[in-house]
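Since the structure comes first, as structure tokens, the remarks are kept for the end.
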Protein chains: 2
Amino acid sequence: MAKDPTTDLSRRERQILDVIYRLGRATVAEVVADLPDAPSYSAVRALMGIMEEKGQLTHEQDGARYIYLPTVSREKARKGVLKSVVQTFFDGSSRQAIAALLELPESKFSREELDALSALIEKAKKEGR
Amino acid sequence: MAKDPTTDLSRRERQILDVIYRLGRATVAEVVADLPDAPSYSAVRALMGIMEEKGQLTHEQDGARYIYLPTVSREKARKGVLKSVVQTFFDGSSRQAIAALLELPESKFSREELDALSALIEKAKKEGR
DNA sequence: AGCACGCTGCTAAAGAACTAGCATCCTCGA
DNA sequence: TCGAGGATGCTAGTTCTTTAGCAGCGTGCT
């Protein structure tokens, strides 16, 4: 059974990975800059080294420095996270999760977005038949 | 300023808290049973004690044993988690998150659920106007 | 009442995470 | 070409997490 990668991370490691997912790709300096309670540069660097060893990150060379990126695609990570959130907080019901998202104060949908969502639901209705 | 509780947890602590959110409330034994890579009973017990000190858990007495529950309501936890997931993996777009949920293989919506979602969206459209 | 079972309180120690600083190497601009 | 700035490789030490085991107490059953 595939182990949930998010379950296997220490606190800082998860923070770092989150930053990288948010940015897509990032240098050590960028990660430090984006970390809420930034520890030392060295610390972050060491952690990222470990994460690379463990296989959660890779790096590309860019001139003198490294640009880190996740080994798991954002797509896959998204699915994994959603799945576990639904499981943990919504009794396995995606519907409830969607409802909560719709009611989230931060959401603020435009007319177009709502239309797009309607369309998606219609599509699901047709396919489910 | 309220600190993000999920950011402040160690690996095991987060695992434990997740189990408790999943179950709503739980004894130590139940948590152990639900943990994928269960450590010793003692270990879990110690961790939960620490988490209670830190304020993430409380317990109620039930006969001889403790029943633990989170100090933060499931409601609030849900919102917090969704917000951070949307932020980290969906560029702050709830719409994208919803779309991903709709397309999640695990989702499998019933006809009724889809209708309920349609209704919610219609409601949002009206309110947004 | 007596007994077995399960759960908590505590102590202590191994292990992993986290941090710092120095030496070295590469890159870019003067 | 030469120097400055910045980034990595490493080593070592501290701190926090995570673990186990023993002792005592309450609960429920016989």
Side-chain angles (χ1 to χ4, degrees), chain A residues 3-21 23-72 88, chain B residues 3-72:
Chain A
K3 61 191 166 205
D4 187 349
T6 72
T7 272
D8 206 37
L9 295 172
S10 76
R11 175 171 30 202
R12 274 272 191 255
E13 287 175 345
R14 190 162 29 85
Q15 287 183 356
I16 291 173
L17 191 58
D18 278 359
V19 168
I20 296 182
Y21 270 121
L23 301 180
R25 41 176 46 228
T27 64
V28 175
E30 290 170 332
V31 170
V32 171
D34 250 59
L35 234 34
D37 55 340
S40 74
Y41 188 92
S42 291
V44 175
R45 194 151 50 82
L47 264 286
M48 287 172 78
I50 292 174
M51 290 170 76
E52 185 161 17
E53 270 182 18
K54 286 203 221 161
Q56 286 131 7
L57 293 181
T58 339
H59 74 267
E60 289 174 358
Q61 194 94 25
D62 168 61
R65 71 199 159 175
Y66 290 178
I67 295 183
Y68 285 90
L69 40 164
T71 52
V72 175
T88 302
Chain B
K3 58 194 164 197
D4 188 350
T6 72
T7 272
D8 206 36
L9 295 172
S10 74
R11 174 172 29 203
R12 272 275 190 254
E13 288 175 344
R14 190 161 31 83
Q15 287 183 356
I16 291 172
L17 191 56
D18 278 359
V19 169
I20 295 183
Y21 270 121
R22 188 140 23 87
L23 301 180
R25 43 175 46 228
T27 64
V28 175
E30 290 170 333
V31 170
V32 170
D34 249 59
L35 235 33
D37 55 340
S40 77
Y41 189 92
S42 291
V44 175
R45 193 152 50 80
L47 266 285
M48 287 172 77
I50 292 173
M51 290 170 75
E52 184 162 17
E53 270 181 16
K54 287 204 219 159
Q56 286 131 8
L57 293 181
T58 338
H59 74 266
E60 289 175 358
Q61 194 93 26
D62 168 60
R65 71 201 158 173
Y66 290 178
I67 295 181
Y68 285 89
L69 40 165
T71 53
V72 175

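Convention: sequence-line order gives letters A, B, ...; per-chain numbering from 1.
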- Closest to the side chain of A:Val28, out of D:dT8, C:dG21, C:dA17, is D:dT8
- Note on the structure: The answer to which of A:Ser10 and B:Ile67 contacts DNA chain C further toward the 5' end, by nearest nucleotide, is B:Ile67
- OP1 or OP2 of C:dC7 under 4.0 Å from side-chain N/O of B:Tyr68: no
- Ignoring hydrogens and angles, answer whether the base of D:dG6 and the side-chain atoms of A:Arg65 contain a donor-acceptor pair closer than 3.5 Å. no
- Does some side-chain heavy atom of B:Ile50 sit less than 4.5 Å from a side-chain heavy atom of B:Glu13? yes
- Message: Show the nearest heavy-atom pair for residues B:Pro70 and B:Gly24, with the distance to one decimal.
- Response: CD-O, 3.7 Å
- Query: Would one find a side-chain N or O of A:Arg12 under 4.0 angstrom from OP1 or OP2 of D:dC16?
  - Reply: no
- What is the distance from atom CE of A:Met51 to atom CD1 of A:Ile20, rounded to the nearest 0.5 Å? 6.0 Å
- Given C:dA17, D:dC22, C:dG21, which nucleotide is nearest the side-chain atoms of A:Arg45? C:dG21
- Message: Under 4.0 Å, counting only non-hydrogen atoms across every strand here, what does A:Ala43 touch: a base, just sugar-phosphate, or nothing?
- Response: base
- Message: If the cut-off is 4.0 Å, is A:Lys54 near the phosphate of C:dA17, judged by side-chain N/O to OP1 or OP2?
- Response: yes
- Item | B:Tyr41 side chain near D:dT19 phosphate (N/O to OP1/OP2, under 4.0 Å) | no
- Task: Consider the side chain of A:Arg11, meaning its heavy atoms from C-beta on, and name the nucleotide among D:dT8, D:dA20, C:dC18 that approaches it most closely.
- Result: C:dC18
- Can you name the nearest heavy-atom pair linking B:Ser10 to A:Arg11, along with the distance? N-NH1, 4.3 Å
- Message: If the cut-off is 4.0 Å, is B:Ser42 near the phosphate of D:dG21, judged by side-chain N/O to OP1 or OP2?
- Response: no
- Message: I want to verify a distance call: between D:dT18, C:dA20, D:dT8, whose nearest atom is closest to the B:Leu47 side chain?
- Response: D:dT18
